[in-house]
Amino acid sequence: MAERDVVVDKMRLTYEGLFSVSELYKVIDNWFREKGYDKRERKNIEHVTPEGKYIEIWLEPWKKITDYAKNVIVIRIIMKDIKEVEVEKEGVKVKLNQGKIQMVFDAFLETDYENRWEYKAGLYFLRTLFNKYFYKPYTHGYQRNVLDDVNHLHSTIKSFLNLYRYTERAFTAPGAQWPSP
Amino acid sequence: MVGELPQVANLKINGIFDFDGLYRVMHDWFGEMKYYFEEILYKHKVPSPSGAEEHIKWTGWRKVTEYIKFNIYIYIILRDMKEIEVIKNGQKKRLTKARMTMEFSGNVEVDYTNRFQNSPFFRNLFHFFNDYVMKKRIDTLYTDQLWYRIIKLYTVAKEYLEFETKSNAYYDMW
């Protein structure tokens, strides 16, 4: 088994209000693409409930740094009571969503992900020795990179959601009529 | 001999959707991508008051070279399944109300014609060939290609089911 060093442990982000589910997903997906991560969506759940949609997404993208180490970021997103609403943005009617979001970020540095150093006890011993004394500066550097990535993603999502805070709320009741001018 | 991929994606939906349409769209995707499509399991359990239960397994395979073959596996589980009739745009439509899970996985199969399996010498040569000669090529070219093909199929399913998260930033990969 490859070894996973925990770099970020349950960093959270919560939000309640207006936003667009599809745009939020696009922001996250594009961010991973731009940073060179491979896509992995372990879970994507959509339930329709009387209070609105329940959406749960579990993303686990990874990026191979070397043949020995790779970054893994895990994001679990739970969106509750998601309703579709119409708001006015710069005089134009726009369809948005309203609801609650909870996000949990975890990040790992996975070493020896191809399990090359585990076949024999001697190799395993060597790997531990190398990790502890010789390879430490490198793994520290990689860990710092994962941490920077998670912080950047967190602030990107935060600033994306903050954009909606200042949206003029026309009305939020689903099924209500758009007021005539 | 196969190089297993971990589970690529997993999709769950609870609500009303057009399962027949989804079946058709996904089946067509295999045809368009030149994969042979096989339904290796179709299990329908006797319906209970909450609805029927179905287990479906699909395999799509394609020969990429004389040595490499792609396999895509989809496992669909439908629970509390009921056929309902709805009126959409003034037209009657039969839809499915159910809890559905779809699991997407696959593997890159090497030496699918068993050319290297006839003698111990060739079996050893086969391991050497895979582990040292072809390893990088299988990892970076074929496994990656299959991975993003499965992601594309997964996106097709999400688009048809009108998921809020149906976009795919990796649409131009392979």
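Just so we're clear, the structure is a prediction, and the values are computed from it rather than from any experiment.
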#### Entry: A:Val8-A:Val6 co-clustered via ILVMFWY side chain contacts under 4.5 Å
yes
### Message
Test of understanding: clusters of I, L, V, M, F, W, Y form through side-chain heavy atoms closer than 4.5 Å, transitively. Do B:Ile138 and B:Val64 belong to the same one?
### Response
yes
### Task
Give the other cluster members for B:Ile84, using side-chain heavy-atom distances under 4.5 Å between Ile, Leu, Val, Met, Phe, Trp and Tyr residues; answer none if it is isolated.
B:Ile16, B:Val86, B:Leu95
### Query
Does A:Ile78 share a hydrophobic cluster with A:Val21, counting links as ILVMFWY side-chain heavy atoms below 4.5 Å and allowing steps through other members?
no
### Message
At under 4.5 Å between heavy atoms, what parts of residues 28-40 of chain B are in contact with chain A? List them by residue number.
### Response
none
### Part of A:Ile57 within contact of chain B (heavy atom distance under 4.5 Å)
side chain
### Message
Is it the case that atom CD in B:Gln91 sees more than 12 heavy atoms from other parts of the structure closer than 6.0 Å?
### Response
no
### Query
So what's closer than 4.5 Å to chain A heavy atoms on B:Ile151: side chain, backbone, both or neither?
side chain
Tabulate, with distances rounded to 0.1 Å, every donor-acceptor pair spanning chain A and chain B at under 3.5 Å.
{"from": "B:Gln7", "atom 1": "O", "to": "A:Arg40", "atom 2": "NE", "distance (Å)": "3.2"}
{"from": "B:Gln7", "atom 1": "O", "to": "A:Arg40", "atom 2": "NH2", "distance (Å)": "3.1"}
{"from": "B:Asn10", "atom 1": "O", "to": "A:Asn44", "atom 2": "N", "distance (Å)": "2.9"}
{"from": "B:Lys12", "atom 1": "N", "to": "A:Asn44", "atom 2": "O", "distance (Å)": "2.8"}
{"from": "B:Lys12", "atom 1": "O", "to": "A:Glu46", "atom 2": "N", "distance (Å)": "3.0"}
{"from": "B:Asn14", "atom 1": "N", "to": "A:Glu46", "atom 2": "O", "distance (Å)": "3.0"}
{"from": "B:Asn14", "atom 1": "O", "to": "A:Val48", "atom 2": "N", "distance (Å)": "3.3"}
{"from": "B:Lys136", "atom 1": "NZ", "to": "A:Asp67", "atom 2": "OD1", "distance (Å)": "3.3"}
{"from": "B:Trp147", "atom 1": "NE1", "to": "A:Lys39", "atom 2": "O", "distance (Å)": "2.7"}
{"from": "B:Tyr148", "atom 1": "OH", "to": "A:Asp38", "atom 2": "OD1", "distance (Å)": "2.5"}
{"from": "B:Tyr148", "atom 1": "OH", "to": "A:Lys39", "atom 2": "N", "distance (Å)": "3.1"}
{"from": "B:Tyr154", "atom 1": "OH", "to": "A:Glu41", "atom 2": "OE2", "distance (Å)": "2.4"}
{"from": "B:Lys158", "atom 1": "NZ", "to": "A:Tyr25", "atom 2": "OH", "distance (Å)": "3.2"}
{"from": "B:Lys158", "atom 1": "NZ", "to": "A:Glu41", "atom 2": "OE2", "distance (Å)": "3.1"}
{"from": "B:Glu164", "atom 1": "N", "to": "A:Glu46", "atom 2": "OE2", "distance (Å)": "2.7"}
{"from": "B:Glu164", "atom 1": "OE2", "to": "A:Lys53", "atom 2": "NZ", "distance (Å)": "3.3"}
{"from": "B:Thr165", "atom 1": "OG1", "to": "A:Asn44", "atom 2": "ND2", "distance (Å)": "2.9"}
{"from": "B:Asn168", "atom 1": "OD1", "to": "A:Lys39", "atom 2": "NZ", "distance (Å)": "3.4"}
{"from": "B:Ala169", "atom 1": "N", "to": "A:Asp29", "atom 2": "OD2", "distance (Å)": "2.8"}
{"from": "B:Ala169", "atom 1": "O", "to": "A:Arg33", "atom 2": "NH1", "distance (Å)": "2.9"}
{"from": "B:Tyr170", "atom 1": "OH", "to": "A:Arg33", "atom 2": "N", "distance (Å)": "3.3"}
{"from": "B:Tyr170", "atom 1": "OH", "to": "A:Tyr37", "atom 2": "O", "distance (Å)": "2.8"}
{"from": "B:Asp172", "atom 1": "OD1", "to": "A:Arg33", "atom 2": "NH1", "distance (Å)": "2.5"}
{"from": "B:Asp172", "atom 1": "OD1", "to": "A:Arg33", "atom 2": "NH2", "distance (Å)": "3.3"}

### Query
Hey, any chance A:Ile45 and A:Ile28 share a hydrophobic cluster, counting ILVMFWY side chains that come within less than 4.5 Å of each other, even indirectly?
no
### Task
If you link ILVMFWY side chains whenever their heavy atoms are less than 4.5 Å apart, which other residues fall into the same cluster as B:Ile87? By chain and number, please.
none
#### Entry: ILVMFWY network linking B:Leu146 to B:Trp61, side-chain heavy atoms under 4.5 angstrom
no
